[in-house]
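Just below is one structure, and these are the notes that go with it.
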Amino acid sequence: MARYNPKETEPKWRKAWADADVFRAGPPQPGAPKYYALEMFPYPSGRLHMGHVRNYSLGDVVARYKRARGFNVLHPMGWDAFGLPAENAAMERGVDPRGWTYDNIARMRSELKELGLSIDWSREFATCDAAYYGKQQDWFLDLWKRGLVYRKESVVNWDPVDQTVLANEQVVDGRGWRSGAPVEKRKLNQWFLRITDYADELIEGLKTLDRWPDKVRLMQENWIGRSKGLRFKFGWAGQAPAGFVAGLEVYTTRPDTLFGASFVGVAPDHPLAEQLAAADPRVAAFIAECRKGGASEAEIETAEKIGFDTGLTVAHPFDPEWKLPVWIANFILMDYGTGAIFACPAHDQRDLDFARKYGLPVKAVVLPPGEDAATFEVGTEAYTGPGTIFHSQFLDGLEIEPAKAAAITRIEADGCGEGATVYRLRDWGVARQRGWGCPIPVVHCDTCGVVALPKDQLPVVLPDDMDFSKPGNALARHPTWKNAVCPDCGGPATRETDTLDTFVDSSWYFARFTDTEAAEPIDKAAADYWLPVDQYVGGIEHAVLHLLYARFVTRALSDEGMLSVREPFAGLFTQGMVTHETYKRVQSGEWVEPREVEIFTEAGKRQARSLETGEALVIGDVEKMSKSKRNTVAPEEIFEVYGVDAARLFVLSDSPPERDTQWSATGVEGAWRFVNRVWNEFDSQPAGPAPALAADPKADDLRAATHRTIKAVTEAIESFRFNSGIARMYEFLNKLKEFPAETATPAVLAARHEALSAFARLISPFTPHLAEEAWARIGGEGMVVSAPWPQHDEALTQDAVRVLPVQVNGKRRGEISVAAGLEPAEVEKIVLDDPEIARRLEGLSIRKVIVVKDRIVNIVAG
RNA sequence: GCCGCCGUAGCUCAGUGGUAGAGCGCAUCCUUGGUAAGGCUGAGGUCGGCAGUUCAAUCCUGCCCGGCGGCACCA
């Protein structure tokens, strides 16, 4: 009997798969059912981590399973290769970002290949390949022609030290996340993609994505933030300020509460406020006060509402005599709606807080059910629930929704406004002042302005000799690269030195994978065959941005006629993180890596000590593996000790895929032992052809387990409950061990062979190397990777004899064995004749006997 | 504050309107020619709490408690 040796076995089978080129996707054939399995492509950091192992193992299970089910499978891999880490490496270590990136790719490719993934490597590309980003420039110009790209002055977060624009999430407590320098607001000419044109469709489309997690759909819906309401202008009651003669436009979702209006407010950065500030230092001082407040959530939450009465007044739209004061208020956001509101304190908490502070009127206009109009008052809590409108002239007596409609109708009839839908979603700012990104393919010409390059001048390639030694945009400070000729007038021009957000790179790569050689950005026939992606697997952290941008770009490219689908990802699965215990030194609190820690049990308690010094360590919380907590485990070290299959098996078995999984040394050891026990079962099976299957009670018992396991594992894979499927295989192995080959009759040996044949195929998506070795050991035809998925025989999953628990008044009091499918009346007779049951019923009168066929008997007695 | 997810053995998790399961850990024993290992057996569970529906609830419903995540002055 030979021990299982993954170090020899695993590379052997990887070579066999590569030699046979088994994972190359077949050509698009209309008749052949296709399956596109994709995991979010990695950033080439240079090192594989456990999160990658989990992500790509999950996708690989699906890809291998679908292949076994006869699908033409596309399972590609590439690299999300532009971005800041390469620039940082360049700045810190003086290396070239391109060389650094491609070196990292080479290292990670070999690590990923070691994982034994069923990937079609012939389609690999990196987003920093000119062959890829050149095609991106190509369709970017198409979108520009369609009017989906525009330039606009916009206020951005500027890090004065790193000399770059920061995203909102990169600003922590008003400071740059890397430099720690106070962030400045700067106005820059920025490039935008008109994602808001698709806001409605992006919301509506969510309804069709029935194989996406509800959570992600909800997050996207909230992010887009559609609200329906009324946009209208207040006319001035007194002197109109210059520039605002037409009135002050506000937006509301509660036009039903217009008669509860108390004041009108504008944001501190509203043009009206800025204009007033120019003339009045008190206004300027107030606005400065508002801006002082930090931007962090905590500060916003606790910030007190403050306001400034401008002295201006507007007239109520339904009553010209009714004057409302105009305030500047810090709680009003300029970038939502019109940056101005009317306030109804009785029915909005923010307005109420403000009104109470400044002594403004509070008039209730929505009467809650059961309240008396004569006595109902609003105290310190605004009423936002359902009710009937009152004190509101023509709206009186209406419910909220009809009142909104009536108010909108009246405003529209008066011509001072209209029903409007607004979105929280902003257009997508895609320009980055970075050197390591996809150049925007335009030039700036003094005579012609911004001019798109003709497509025969694409790709616009990054120079090889950028200087990354200083912060800022290395492309912009390159001495010659930006010198160009205007394609329109032939005069001198300057290249655009902004590059595209890396989210642009990742918003269409899945389409390029369908034909990586195409002369056009996308080969329509290939895309139409392969898209949508049938199963996309990745982290929940991309729930909004990446997935929303990809859905938008797919629609834009579809409208451009480059592909047909509207939704890129038919199925989405978001996996949990890989976590690990943390360990730290008692005195210093310094984190210690798991590989330097020994775990032992003393006095019945789990304890840790340093392998190096022997000192006792504190076992800390279980947290996401991260460099900062030093609680990472290097995949290659695990592969070295236990093999790839054990590592794959463990990350797949420990938790439901959508939940976090806790890596542990004992857990992977358990997986390793399972691998060995599986091998031992195969290895103990006599070589040579198996005897024919024959009817035999013992053999039938095993066969029933086999067919039940095929059914259960298949269902588990179909529903992404991989850990559950593996649990069933653990149970199956235990069952198999009840039928040792050494003492088996020919009938049992035959049943064992059937069991092993199914088992090899069932484990093949999870532990593919072991499955090949096992399949070869029992004389399977060809490689298991090409073997068809096992089919279960429903008839065999049924037991001939059923053991039915017998309950008396709902409590288990015994059991009986009956033939499967026996009618309830027959079962009842047997139960009542059973002496043990009869003893339990002594002194009781039977009221009712419930028999659930093949399951249970319950006797109600009293 | 709002929304969502989770709570089953010491730990990590399966599971089901009808007999409570796996791996790891723990205990006992066997093996010492699979040996930086293998195997047998076992202990261990008011299925977070309380109520309701039901012949029967770990499962369905409601409320509560605890943990985690997302969003949050969006008019």
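Order of the sequence lines fixes the chain letters, A, B, ..., with proteins taken first and strands second; residue numbering starts at 1 for each chain.
- Atom CG in A:Leu258 sits roughly 16 Å away from atom P in B:rA75 (whole-Å rounding).
- With sequence neighbours excluded, no residue forms a salt bridge (Lys or Arg N to Asp or Glu O under 4.0 Å) with A:Asp427.
- Residue contacts shown for A:Tyr730 are limited to sugar-phosphate atoms, with no base heavy atom under 4.0 Å away.
- Here side-chain hydrogen bond (donor to acceptor under 3.5 Å, both in side chains) pairs that include residues 729-740 of chain A, with residues two or more places apart or in two chains, are A:Asp701-A:Lys735.
- A distance of about 10 Å separates the P atoms of B:rG49 and B:rU8, rounded to the whole Å.
- A centroid separation of 6.0 Å or more is found between the aromatic rings of A:Trp672 and A:Phe650.
- Other residues, nucleotides and ligands place more than 12 heavy atoms under 6.0 Å from the NZ atom of A:Lys357.
- A gap of 46 Å separates the C1' atoms of B:rA72 and B:rG18, to the nearest Å.
- Nucleotides B:rA37 and B:rG10, compared at atom C1', are 26 Å apart to the nearest Å.
- An OP1 or OP2 oxygen of B:rA75 is reached within less than 4.0 angstrom by a side-chain nitrogen or oxygen of A:Tyr336.
- What separates CG of A:Asn734 from C1' of B:rC24 is a distance of 14 Å, to the nearest Å.
- Between A:Ala355 and A:Val362 the shortest heavy-atom distance is CB-CG2, 4.2 Å.
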Give me the distances for all protein-to-nucleotides 3-13 of chain B N/O pairs that come in under 3.5 Å?
from   : atom 1 : to       : atom 2 : distance (Å)
B:rU12 : O2'    : A:Asp654 : OD1    : 2.7
B:rU12 : O2'    : A:Asp654 : OD2    : 2.7

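- B:rG25 and B:rC59 have their C1' atoms separated by 28 Å, with the value rounded to a whole Å.
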Quiz item: Can you give the dot-bracket line for RNA chain B, using ( ) for pairs inside the strand, [ ] for pairs that cross earlier ones, | for pairs with another strand and . for unpaired bases, where Watson-Crick and G-U count if both distances are under 3.5 Å?
Solution: (((((((..((((....[..)))).((.((.......)).)).....(((((..]....))))))))))))....
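- Put simply, CD on A:Glu221 is 16 Å from P on B:rC71, counting in whole angstrom units.
- B:rA9 sits 8 Å from B:rU46 when the P atoms are compared, rounded to a whole Å.
- Applying the 90° criterion around 0 to the glycosidic angle, B:rG34 comes out syn.
- Nucleotides B:rG38 and B:rG17 have their C1' atoms positioned 42 Å apart, rounded to a whole Å.
- Among the nucleotides B:rA56, B:rG25, B:rA75, the one closest to any side-chain atom of A:Arg673 is B:rG25.
- Take the nearest nucleotide of RNA chain B for A:Val857 and for A:Gly670: the residue whose nucleotide is more 5' is A:Val857.
- As rounded to the nearest Å, B:rC47 and B:rU19 have C1' atoms that lie 15 Å from one another.
- Residues meeting the salt bridge (Lys or Arg N to Asp or Glu O under 4.0 Å) test with A:Glu669, sequence neighbours left out: A:Arg673.
- For the side chain to side chain donor-acceptor pair (under 3.5 Å) test, no residue two or more places apart in sequence or in another chain qualifies with A:Lys228.
- Taking the P atom of each, B:rA56 and B:rA43 are spaced 31 Å apart, rounded to whole Å.
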